[in-house]
Amino acid sequence: MRILRTDIEGDCEGHYATIARRTGSEYIDVHVLTPTLDREHQVQADDRDDRWSMAECLQETLDGTRGTNSMIHEYFREIERLAW
């Protein structure tokens, strides 16, 4: 089994992200959508620091506040599912 896509709704109303990776791609695609933002990101799948940085960005954008490491780790875990 392989997970290809995850949809996330943040704590702030109207803040969403889609995390996806196509088979064979070196990148994880992240689409962030808020009432004022519509942005695409590409994360290097084999770069842990890049994945963590994206998790930090997602957590703050979707939850509306800078979170603790455990809060960031929830997003990181979802990105990690697509890293392998």
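Heads up: numbering here begins at 1 and tracks the sequence.
Interatomic distance, Leu62 CG to Leu33 CG, rounded to the nearest 0.5 Å: 10.0 Å. Atom NE2 of His41 sits about 9.5 Å away from atom OG of Ser53, to the nearest 0.5 Å. Rounding to the nearest 0.5 Å gives a distance of 14.0 Å between NE2 of His15 and CD1 of Ile8.
Tracing side-chain contacts under 4.5 Å through hydrophobic residues (I, L, V, M, F, W, Y), one never reaches Leu82 starting from Ile72; they form parts of separate clusters. Tyr16 and Ile79 are assigned to two separate hydrophobic clusters, defined by single-linkage of ILVMFWY side chains at heavy-atom distances under 4.5 Å. Cluster annotation: Trp84 is not connected to Trp52 through the hydrophobic network of ILVMFWY side chains, with a link wherever side-chain heavy atoms come within less than 4.5 Å.
No side-chain heavy atom of Glu9 sits under 4.5 Å from any side-chain heavy atom of Asp7. Between Thr23 and Leu4 the shortest side-chain heavy-atom distance falls below 4.5 Å.
Within 6.0 Å of atom CD in Glu40, more than 12 heavy atoms from other residues, nucleotides or ligands are found, so the atom counts as buried in its surroundings. Applying the 6.0 Å contact sphere to CZ of Arg66 captures no more than 12 heavy atoms from other residues, nucleotides or ligands.
Contact between Ala83 and Ala45 at its shortest, heavy atoms only, is CB-O, 3.7 Å. Nearest heavy atoms, Pro35 versus Gly14: CD-O, 3.3 Å.
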Atom pairs and distances, donor-acceptor, side-chain atoms in residues 24-32, under 3.5 Å, two or more places apart:
{"unit_1": "Ser25", "atom_1": "OG", "unit_2": "Tyr27", "atom_2": "N", "d": "3.0"}
{"unit_1": "Ser25", "atom_1": "OG", "unit_2": "Tyr27", "atom_2": "O", "d": "3.2"}
{"unit_1": "Asp29", "atom_1": "OD1", "unit_2": "Gln42", "atom_2": "NE2", "d": "3.2"}
{"unit_1": "His31", "atom_1": "NE2", "unit_2": "Asp38", "atom_2": "OD1", "d": "2.5"}

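Partners of Arg81 under the salt bridge (charged side-chain N to carboxylate O under 4.0 Å, His left out) rule, at least two apart in sequence or in another chain, are Glu78. Every residue two or more places apart in sequence or in another chain that forms a ring pair (Phe, Tyr, Trp, His ring centres under 6.0 Å) with His73 is listed here: Phe76.
A distance-only check finds a donor-acceptor pair linking the side chain of Asp63 to the backbone of Asp11 [under 3.5 Å]. Counting only distance, with no hydrogens or angles, the side chain of Glu60 and the backbone of Ala55 share no donor-acceptor pair below 3.5 Å.
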